[in-house]
Amino acid sequence: MGLDQNVAEPRDPIDQTHFAWKIAVHSLSDLSYISPVVFLYLLKECYIRGTLKATKKFRSLQQQVHLVLHNGPQPGPATFVIHCLYVLPIFGLYSEGFSHLITSAFQRFLKVVTTLTDLDKAKNLAAQLFVDIVGGFIKHDERIAVKILQVFDIQLTNIEKVRFDSKARNGCCSSSAKDFVEQYVSQLVETQSYTTAVDVLEHFSIRQSGQSLLYSMLQNNEFKAAEKWATFMGRPMLCLLVQELMNRNKVKSTYGIVKTNGLQTEFPDVYQKCKESSLKNLAEKGCWDVAEAKTKSNRQFLEYLVYLALEAGYFEKVDELCNRYSLTGFLNIKEREGAYGQNHYLNLNQLITGDILWVDKADALHNAVCHIEECKVIGIDCEWKPNYIKGRKPNKVSIMQIASEEKAFIFDLIKLYDDVPDILDNCLTRILQSSSILKLGYNFQCDIKQLSHSYGSLECFKHYDMLLDIQNVFKDHTGGLSGLAKKVLGAGLNKTRRNSDWEQRPLTVNQLEYAALDAVVLVHIFRHVGDQSQPSTTAEAQKRLEWKSFIVSHMDNPPKPRKKNRSNMEPKVATNM
């Protein structure tokens, strides 16, 4: 049984190394007269000259080593592997990888071969190797030391024997095998190698330093090792771990441990806290529909979701949930506004005097464009229905909001594209490709990309003129558009509706106001930065001087940008405005 030709054969059949490779493969077909050093050298040659990628090459060689162990290694397969592990440190960079390869191959070999005449002798050799690694005489990684323990099933009696023999030869005092192992574990804990320490203790069934070791692991955020240790120690330690994790607000991890180990009786409230934490995270991300589905119509969780909506000021979601599930006992709208307040959010009526105009027909489209063409500055934003299925393409852009200081227009792109695509293309081209209208956006590259994917056949979304991405002006700012509005205008935006269903028709009044506000606030932020003559701070004054340099005079947006080349959208900075 030699090595597979596909694993190691050189790409070029007339390569000068081809002959050497053939010799290496042929030599491995009979290990009767091959020493561990020669075997490892041949294995290294096969690895170096192999053509597969590293991971596949490793797995293929592992399979082949498992097979060649049948080819008569002397004095036996188990002893031969230990001799190889003794020699491997001289192979430098290959030592750790080949050690894992050979031990895992031998582990597979043991599953096939039920009896080995040299296994008992090899156990003591393996115990000696472990002692030498711990003592620093043989340089191997600690993970290799643990693997040797596990693969050769080394027990304390094996370690006791080799240490007794060493004492007899050297005449020095020696501690017990258990003391030796516990001292090694202490060294591992000092270096924070907790997983290895737990593996060693578990292998030898040593239950030392129970709580102190657990606290040490938790203090260093080694939660997986702590769970493994607590599982090994038993139910009382698991209960202690659950309590400590709850104190650290590790709700999800706690619930997993409770469920896996059947601790529901001891911790009946963990599931509820885990579920509430999950719902809160979804609500904070604006994923209200997903959160509702996660409740599975459980009344307790639905009521908790209602309270989250109340705190967020998402009152139409409160009404929607209360009506759908017949939930009672919550405040009416006026009482909610008094109790939870809306003064900390911007209101659309504070920013524009005109109405929100819905545009879904050709006449309304023409009227909107005529008004917008008279503006010098407009804010633009887009919305589309969120997609929560991993791997699925994003949904089409549903609406585009374009706002001036006086009015906000919301274009129903889906309907206009279906009904009057040519008129839509012409009208939006007049806006988006106009060099006399400054178009403001926030992280507008994302909207541009989404528009291109949604309506790639339209010319209006292939070129843009006079763009200013407000995000680029405030590069050092965090917190999104809402945080920027709060910083510049004194109040933020209520973003609870950002992940609502933008394809439903008609949109709710709150959806319309939310959508319009995202575009309107851009114009007001721009005016605040650009127009006030007396800046309050030096940094603010600098912003007002620099904003012109961020205007992009022209941008081409290819319909199918290549993944490896993101330089297609090359902006040209305006020289004057």
Side-chain angles (χ1 to χ4, degrees), residues 1-113 116 118-119 122 125-126 129-130 132-133 137-152 196:
M1 296 183 184
L3 289 180
D4 189 340
Q5 301 288 312
N6 295 326
V7 174
E9 187 164 7
R11 292 182 179 86
D12 187 355
I14 61 172
D15 192 324
Q16 294 292 328
T17 63
H18 190 67
F19 185 64
W21 175 84
K22 287 288 188 183
I23 292 176
V25 173
H26 177 72
S27 300
L28 293 173
S29 63
D30 184 2
L31 298 183
S32 301
Y33 301 100
I34 300 294
S35 69
V37 175
V38 174
F39 169 75
L40 292 172
Y41 174 79
L42 295 173
L43 190 64
K44 176 184 172 184
E45 287 297 301
C46 291
Y47 181 81
I48 292 173
R49 303 180 195 286
T51 58
L52 297 177
K53 291 184 178 180
T55 303
K56 290 185 177 180
K57 193 190 300 186
F58 179 91
R59 290 174 181 170
S60 298
L61 283 174
Q62 182 189 64
Q63 168 66 13
Q64 297 308 314
V65 170
H66 161 238
L67 294 176
V68 300
L69 286 175
H70 292 273
N71 295 348
Q74 297 299 318
T79 308
F80 185 82
V81 168
I82 292 297
H83 288 165
C84 287
L85 291 170
Y86 262 108
V87 173
L88 264 171
I90 68 174
F91 282 78
L93 295 174
Y94 297 93
S95 174
E96 184 176 348
F98 279 10
S99 297
H100 283 289
L101 189 153
I102 290 172
T103 51
S104 56
F106 180 66
Q107 193 171 24
R108 294 178 62 186
F109 177 80
L110 289 176
K111 293 179 180 178
V112 178
V113 180
L116 277 178
D118 71 324
L119 188 56
L125 285 174
L129 176 57
F130 174 75
D132 290 340
I133 292 172
F137 302 109
I138 300 294
K139 190 175 181 181
H140 269 304
D141 184 84
E142 62 192 29
R143 291 173 297 175
I144 299 298
V146 171
K147 204 162 189 177
I148 291 169
L149 292 176
Q150 295 169 342
V151 172
F152 288 90
T196 306

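Any value given below was found using the heavy atoms of this structure, including those in side chains, with hydrogens, waters and symmetry copies removed.
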Looking at Ser95, is its backbone amide N or carbonyl O close enough to the side chain of Ser99 to form a donor-acceptor pair, meaning the two atoms are under 3.5 Å apart?
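Yes: the side chain of Ser99 pairs with the backbone of Ser95.
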So, Asp132 side chain and Phe137 main chain: donor-acceptor pair closer than 3.5 Å or not?
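Absent.
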Check whether any side-chain heavy atom of [X] sits under 4.5 Å from a side-chain heavy atom of [Y], and report yes or no.
{"X": "His83", "Y": "Ser35", "result": "no"}
{"X": "Phe152", "Y": "Ile82", "result": "yes"}
{"X": "Leu88", "Y": "Leu85", "result": "yes"}
{"X": "Asp118", "Y": "Pro75", "result": "no"}
{"X": "Val113", "Y": "Leu69", "result": "no"}

Ring pair (Phe, Tyr, Trp, His ring centres under 6.0 Å) partners of Tyr94, counting only residues at least two apart:
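Result, ring pair (Phe, Tyr, Trp, His ring centres under 6.0 Å) vs Tyr94: Phe98.
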Given the side-chain rings of Phe80 and Phe39, with only the six-membered ring counted for Trp, is the space between their centroids under 6.0 Å?
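Centroid distance Phe80-Phe39: below 6.0 Å, so yes.
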For the atom pair CZ (Phe130) and CD1 (Ile138), what is the distance rounded to the nearest 0.5 Å?
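CD1 of Ile138 is found 14.0 Å from CZ of Phe130.
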Interatomic spacing from CD1 in Ile48 to CG in Leu43 - rounded to 0.5 Å:
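Ile48 CD1 to Leu43 CG: 10.0 Å, rounded to 0.5 Å.
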Sequence neighbours left out, what passes side chain to side chain contact (heavy atoms under 4.5 Å, CB included) with Tyr41? Give chain and number order.
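If we apply the side chain to side chain contact (heavy atoms under 4.5 Å, CB included) test to Tyr41, skipping adjacent residues, the hits are Glu45.
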For Glu96, all residues meeting side chain to side chain contact (heavy atoms under 4.5 Å, CB included), sequence neighbours excluded
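If we apply the side chain to side chain contact (heavy atoms under 4.5 Å, CB included) test to Glu96, skipping adjacent residues, the hits are His100, Asp141, Arg143.
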On a heavy-atom basis, which atom in Ile133 and which in Ala145 lie closest, and how many Å separate them?
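Closest approach of Ile133 to Ala145: CG2-CB, 4.1 Å.
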Of the non-hydrogen atoms in Leu110 and Val151, which two are nearest, and what is the gap between them?
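In this case the closest contact between Leu110 and Val151 is CD1-O, 3.8 Å.
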